[in-house]
Amino acid sequence: MESNNPIEKIIHLRELLKKYEYEYYNLNQSSVSDAEYDKLMNQLIDLEKEYPQYITPDSPTQRVGGTFDSSFKKIKHSQSMLSLSNVYNEEEIRAFTQRVDEAVEKCDEYVCECKIDGLSISLIYENGTLLHAATRGDGVTGEDITLNAYQIKSIPQHIDFKEKIEVRGEVYMSHQVLDELNKIQEAEHKPLFANCRNAAAGSLRQLDYQITKSRNLDTFIYTLIKPESYGIKTQYEALMFMKKLGFSVNPNAKIVKNVDEILTYIQDLSERRPLLPYDIDGVVIKVNELDLYSSIGNTNKAPKWATAYKFPPEEVPAKLLDIIFTVGRTGRITPNAVIEPTKVAGSTITRASLHNEDYIKQKDLRIGDTITIHKAGDVIPEVGDVLLNRREKDAIPFKMISSCPICNEKIYKEEDEADYYCLNISCPARVLESVIHFCERKAMNIDGMGEANVKMLLDKGYIENVADIYELYKYEYELKHIPGWGEKSVNNLLAAIEKSKKNSLERLLFALGILQVGEKTAKILANEFNTIDALMDADVIRLSSIDNIGEIMALDIVNFFKESKNIELIMRLKAYGVNMENLNVSHADTSSFFYNKTIVLTGTLSFISRSDASSILENMCGAKMASSVSKKTDLVIVGEQAGSKLDKANALHIQTMDEQTFHELLIKEGKVLF
């Protein structure tokens, strides 16, 4: 239930936005659309206007989105790389121009430019040579990607200009390059890139510059830093100046005089958008006369003299050819739409999840219907609505299947639950998904056991379940004679299997695929019980007494270890020498002030890194580290620039400790030397 408490609302929105920013900037993906992100941001802006006393420096409203990867050297920007405010309709565009007019009496010219969907970059030249290249990062500090920038053909390594100069723009990948790259990925049985933006970001932020070179990235440059130093008076002049120096400048930039011309430009570009060889997600509108910028001003994170009109999410009509069903490792049955191949936001869509029976019935989807398709977060294909005016008279209402599409066993649904499950743990689909999960990097980390190889091993009968992985050595001769394998790859696979036996208990617990037991819960269980035997003996009361484990999860764990086939599996794994103990047993000081306390760290610590502080607290002091503040939190340790976690701790009246006191206590207990 949504809270009516403004502090809790603000904290909740900040945490959501930070999560989505991390996904977008660091993982090069997103679980929400731009429109949904912007909606949440606007809600937070409105709340902070109403309650300005709760604004903190690290709020997403006060800073540019994004962080940086610690693998790269950091570069501090000469001027902050600000983001842009967004507008979505004619009314908001008119409001933007009205605010500009109020600030400078009247603005006579704007420049409209394509909003390229890529990754921001800053380029610094000295004596005509590219000196540094950096990503936006957090807006103040970026990642040093100079070597990678050298690999992009449209970024000149040398220019005919001796003064120091900085330009900024966007790195992108064209539709043609993405198609070619995905063909290679598919041939090598690697995951496909979802869209041009993700592919560009992942390609630019590579530690191996040769990978960047192979990806054929491109750029458009659109900002000149300190243009007045070169006698330039307008944004359009700056674009032409940079073009003359040899930078790639988007040819669609245009000077417009008023709102009506801005709207005409947007309409024209919207119509031409599908024909462009690269992705754009809007139009950038900038005041043309540079002298006016100081009078118009900036907010903390965006200039007031520019804004970005965002196109509405692209929805495309498509024919629903069929509804088929897939089975996950837990047995969950998921209906999927089979769609007539349809181009949406730069990629061809043929499938989309329909989630569950209720979702289909709510939308009244019928095979043969014409439906709309869009991409949630510009990544995940999602079914919109049925175009009822195009429905055929003989369209048949959807009826849920009653048996598993793979093993034909009856499927079940709990009362008040949305999902159906196949309960047959020997179902081939469940086996395939469970083996893939068992071998994943965060589970048993068996390199060489990706989906294609697992499916092949199952089809050939070399394995029937996860325990059989540890008998693959018996098929060493056969494996070495499989086309595309060979001696080296087989030896590497067998070595990875052998190495996996030495994993700590928490990896095994996660790999087993116990319902609701993710990485974090697996670690909690391993630390609490230390051996799998002790965990198998635990009852619901004992399990549900542990922090972060409720009764439903406790029941799922108990039921897993009651299943005879699961017990047999664990016995076999034991026999093969798979470790069943926690190798990270804490040798904690029970007399420590921090012992047995649930602790959250927030802000930056000057004397130690957050990860090292967590390690000391957990392993030496016996603390339980948590990532978020709740009523179960005992203590919040506060460093510099602490944000929403401190707000929440104060709201919940949870004890806090400043960095100096924390440091002194660690010294007193002999956990650190200075």
Side-chain angles (χ1 to χ4, degrees), residues 75-82 84 109-137 139 142-174 177 200 203-204 209 212-213 215-256 276-278 280 283-294 303 305-306:
I75 290 183
K76 188 167 183 178
H77 300 305
S78 60
Q79 289 182 11
S80 295
M81 290 186 74
L82 301 176
L84 291 173
E109 284 186 343
Y110 294 88
V111 175
C112 288
E113 304 173 35
C114 290
K115 187 175 183 297
I116 309 300
D117 197 7
L119 191 75
S120 297
I121 192 171
S122 167
L123 305 170
I124 297 175
Y125 290 78
E126 207 167 89
N127 294 320
T129 300
L130 177 60
L131 186 66
H132 291 303
T135 62
R136 182 200 301 273
E143 302 155 324
D144 185 347
I145 50 160
T146 308
L147 277 177
N148 293 6
Y150 279 133
Q151 316 311 315
I152 301 173
K153 292 178 181 177
S154 57
I155 295 179
Q157 295 185 20
H158 302 281
I159 59 175
D160 186 16
F161 194 77
K162 297 304 178 185
E163 295 179 52
K164 187 172 182 179
I165 187 171
E166 180 178 358
V167 299
R168 293 174 179 176
E170 203 84 359
V171 176
Y172 70 93
M173 182 177 284
S174 71
V177 171
S203 302
L204 184 64
Y209 67 86
T212 303
K213 184 176 182 178
R215 297 287 173 81
N216 294 317
L217 296 174
D218 217 326
T219 57
F220 282 124
I221 301 300
Y222 47 72
T223 298
L224 176 64
I225 300 301
K226 296 183 178 178
E228 67 280 359
S229 303
Y230 317 109
I232 290 168
K233 295 182 178 180
T234 70
Q235 166 64 10
Y236 196 80
E237 283 179 31
L239 291 172
M240 295 304 102
F241 175 72
M242 292 185 290
K243 182 178 180 180
K244 188 177 179 181
L245 289 179
F247 295 104
S248 178
V249 172
N250 191 279
N252 294 292
K254 184 179 180 181
I255 296 174
V256 295
L276 294 174
Y278 44 81
I280 62 173
V283 172
V284 176
I285 307 160
K286 299 176 183 174
V287 170
N288 192 29
E289 192 175 336
L290 303 177
D291 283 349
L292 300 179
Y293 287 11
S294 58
W305 40 264

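The model shown is predicted, which means the values in this text are computed figures rather than measured ones.
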Heavy-atom donor-acceptor pair, [X] side chain to [Y] backbone, under 3.5 Å:
| X | Y | result |
| --- | --- | --- |
| S154 | D218 | no |
| H132 | D144 | no |
| T135 | E143 | yes |
| T219 | V171 | no |
| Y222 | A253 | no |

First locate atom [atom1] of [X], then atom [atom2] of [Y], and finally report the distance between them rounded to the nearest 0.5 Å.
| X | Y | atom1 | atom2 | result |
| --- | --- | --- | --- | --- |
| L239 | E113 | CG | CD | 5.0 Å |
| K244 | D160 | NZ | CG | 9.5 Å |
| I165 | L224 | CD1 | CG | 5.0 Å |
| H158 | Y125 | NE2 | OH | 9.5 Å |
| Q79 | H77 | CD | NE2 | 11.0 Å |
| T212 | L217 | OG1 | CG | 6.5 Å |

Mind checking what makes ring pair (Phe, Tyr, Trp, His ring centres under 6.0 Å) contact with [X], not counting sequence neighbours?
| X | result |
| --- | --- |
| Y293 | W305 |
| Y172 | F220, Y278 |
| F161 | Y230, F241 |

Heavy-atom closest pair, residues [X] and [Y]:
| X | Y | answer |
| --- | --- | --- |
| V287 | L292 | CG1-CD1, 4.0 Å |
| L123 | A133 | CD2-CB, 3.7 Å |
| G231 | E237 | O-OE1, 4.4 Å |
| P156 | I159 | CG-CG2, 3.8 Å |
| N148 | L204 | ND2-O, 2.6 Å |

May I ask you to test the [X]-[Y] pair for a side-chain heavy-atom distance under 4.5 Å?
| X | Y | value |
| --- | --- | --- |
| K286 | T223 | yes |
| L84 | P303 | yes |
| I280 | N252 | no |

The criterion is side chain to side chain contact (heavy atoms under 4.5 Å, CB included); which residues satisfy it with N288, sequence neighbours excluded?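 Partners of N288 by the side chain to side chain contact (heavy atoms under 4.5 Å, CB included) criterion, ordered by chain and then number, come out as E109, V111, T234, Q235, Y236, I255.
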With E166 via side chain to side chain contact (heavy atoms under 4.5 Å, CB included) - residues at least two apart: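 Side chain to side chain contact (heavy atoms under 4.5 Å, CB included) list for E166, sorted by chain: S78, S122, I124, R168, I225.
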Under a 3.5 Å cutoff, is there a donor and acceptor pairing between the side chains of N127 and T129?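 Looking only at side-chain atoms, T129 and N127 do not form any donor-acceptor pair under 3.5 Å.
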Could you name each residue pair satisfying salt bridge (Lys or Arg N to Asp or Glu O under 4.0 Å) that touches residues 119-129, not counting sequence neighbours?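 Matches after skipping sequence neighbours: E126-K164.
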